[in-house]
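I have placed the structure first, in the form of structure tokens, so that the comments after it can refer back to it.
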Amino acid sequence: TVKMAADEVSLTAYNGFIAEGGTFEQSGNYEKAVICYTKALEAISIGDILQEPIGVHCLCSRSKCHLKLGDHTAALADAEAALIDDPSFTKGLFAKAEALYTQGEFEFALVFYHRGQHIRPDMKSFRLGVQKAQEAISNAIGSTQRCKLSTSGDISMFNEYIQSQEAAAASKNSKGNKTSKKPNPPAQRRRKGTAKGKKAPNSDSNIKHLLGELYADKAYLESLMSDPSLSLGKNQSVKKLAETGIKYLDKRTEFWRQQKPMYVRKNEAKQLKTGKSRDSKPRPQASQADKAAKLIEQAEALLLTEDHEAALAKAENAVLATTKMVAEAKIVMLIRAQNALGTAAMALNQLEQAKDAFTQSVDLSRDTDDNQLLSKSLSLLGQLHVAMEVYPSAIQCWERASANIEDPLELAWLHHEIGRAEYAQEHYPQALEAATTARTHAEAEDDAEWQLNANLLLAQAQEKMGQTAEALTAYEQAASFALTVGNTSVHDAIRESMQVLETQAQPEAAGVVEDAAA
């Protein structure tokens, strides 16, 4: 084994490259982001072996950039490397699932989306991944209703073939060395009217269907590649860019071909023209419950993409759809719809509309036996009260919600929010107590992100209460967790707060010494 010297691994260099890579990634410069992430990994590696566990977050970030550049193989390699030490690392599972999906390996991608969803059912990205992988598989396979075999119709050609085979065998047995000519199997006979050597469908036409509007870009890039002027040395960069663009479009063509084959696309186009479904039998109209559920799912998906105006419209339609449902299924659907409506309205700063939606959701939840649904509605109402700066009402909602919650991470979030509301009212002892409770729940799940948040709130409350030494300890722990989750900006901000606090503490300590000497 190689003995690691103290100066061989530099977390400072790692943090610098991570911050620079994140900036490039956000601006869409993925090539430079990959270079920075690679340098960051080299800063904490010896002989291509990571010496710090924090490097797995960097591997996932680099995998994402590789996907953006169309390098699926490198993206998958980084995702698998992030899972070597901890196969249940959710960020690595999602990165691997995304890489497999982009490669067209939809079945394997579905496996890893399911694994991540099992570990973190609260992460909607895994649920959406499962949905898109299942849809891609369904599109690739097509409808099983069209693949049923039957013995109906004219099968005389098969009977003739069997009879000729039996006759040939009988003739061989009766005539000894004389053999009859073996007839060709039906599959080998050319059907009447079939052209010899029929050409395959035009591949260029298929590519045009698959690429759509991008086909014109591909044709332009190919014309650039054939331009004689690009053979000059000074124009090699243009040629290289054109070649890179063509390779990327070729990869996307192959991906779309696997995700939705041409026969599926042609069938869908035919169905749109004729207005008929894939099956010959007419399908029954969707029930009112199905319509409401679909609208709610669309609203929740739009909230994830932060398209709040569209989400608000979908949620309002969902509320209207639930009013036409039977009472048994109506309440739960209406609660989900009101929660989606309130969340979208709150994001658009339409606070009164959000308050009305969340209040109705809480009232309806009390009529059900679903305590989790009631807790979620109360939690959302608490967030609205914070937005309206009505902190006592927010705390009351969250305390009532916590009575029905068992998940440690959810409790960590809830008590952290209670602590933030107490802190905003300058109730520092209460904020300290809530932060301590939040940290305990986060430690139970060994969740670095919520240990960071809880320790940071704890330090801020202790600083306000004059507990300088305890605050510095909590800040130190928070800074350590910030590095663990790869959040360098928060780490740097914590360090600055610590320096300010230490500077303020020095004169106070000097005054205490002078008083003692006097």
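Just the heavy atoms: all of them, side chains too, but no hydrogens, waters or symmetry mates, feed the values below. The shown structure was predicted, so the numbers you read here are calculated from the model rather than taken from an experiment. Throughout, numbering of the chain's residues begins at 1 and tracks the sequence.
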| Any pair counted as side-chain hydrogen bond (donor to acceptor under 3.5 Å, both in side chains), so long as it reaches residues 443-457, sequence neighbours left out | Arg439-Asn455
| According to the interplanar angle, ranging from 0 to 90°, do the rings of Phe89 and His57 count as parallel (below 30°), tilted (30 to 60°) or perpendicular (above 60°)? | perpendicular
| message | Tell me the closest heavy-atom pair linking Ala337 and Val319, and the distance in Å. | response | CB-CG2, 3.8 Å
| request: Return the minimal non-hydrogen interatomic distance between Arg336 and Ile296, and the atom names on each side. | output: NH2-CG2, 3.5 Å
| remark: In short, Ala442 meets Ala412 closest at the heavy-atom pair N-CB, 4.0 Å
| message | For the CD atom of Gln383 and the CE atom of Met346, what is their distance to the nearest 0.5 Å? | response | 5.0 Å
| field | Residue pairs involving residues 13-22 (criterion side-chain hydrogen bond (donor to acceptor under 3.5 Å, both in side chains); sequence neighbours excluded) | value | none
| request: For residues Met465 and Glu470, determine if any side-chain heavy atom of one lies less than 4.5 Å from a side-chain heavy atom of the other. | output: no
| said: Within this structure, what is the OH-CZ distance for the pair Tyr113 and Phe94, rounded to the nearest 0.5 Å? | reply: 5.5 Å
| task | Taking only Lys NZ, Arg NE, NH1 and NH2, and the carboxylate oxygens of Asp or Glu, determine whether Lys96 and Glu105 approach each other closer than 4.0 Å. | result | no
| query | Do other residues, nucleotides or ligands put more than 12 heavy atoms under 6.0 Å from Gln134 CD? | reply | yes
| remark: Between the OG atom in Ser375 and the CG atom in Leu414, the distance rounded to the nearest 0.5 Å is 8.0 Å
| query | Would one find more than 12 heavy atoms of other residues, nucleotides or ligands at under 6.0 Å from atom CD of Gln430? | reply | yes
| Straight-line distance of Phe106 CZ to Glu135 CD, nearest 0.5 Å | 10.5 Å
| task | Kindly compute the distance separating CD1 (Ile137) from CG (Leu110), expressed to the nearest 0.5 Å. | result | 5.0 Å
| query | What's the spacing between Leu83 CG and Asp78 CG if we round to 0.5 Å? | reply | 11.0 Å
| message | Quiz question: by atom type and distance under 3.5 Å, do the side chains of Ser489 and Asn487 form a donor-acceptor pair? | response | yes
| message | Just checking Lys91: does its NZ atom have more than 12 heavy atoms from other residues, nucleotides or ligands closer to it than 6.0 angstrom? | response | yes
| What are the two closest non-hydrogen atoms of Ser63 and Ala95, and how far apart are they? | OG-CB, 4.1 Å
| query | What heavy-atom pair brings Ser361 and Gln338 nearest, and what distance separates the two atoms? | reply | CB-CB, 4.1 Å
| Ion pair Arg495/Glu476, N-O distance below 4.0 Å | yes
| said: If you count heavy atoms of other groups shown closer than 6.0 angstrom to CZ of Phe108, is the number above 12? | reply: no
| message | Is it the case that over 12 heavy atoms from other parts of the model lie below 6.0 angstrom from the CD atom of Gln131? | response | yes
| message | Counting only heavy atoms not in Asp492 (residues, nucleotides, ligands), do more than 12 fall under 6.0 Å from its CG? | response | yes
| query | What is the minimum heavy-atom distance between Phe358 and Asn339, and which atoms define it? | reply | CE2-O, 3.6 Å
| If only atom types and distance count, is the side chain of Ser27 paired as donor or acceptor with the main-chain N or O of Thr23 below 3.5 Å? | yes
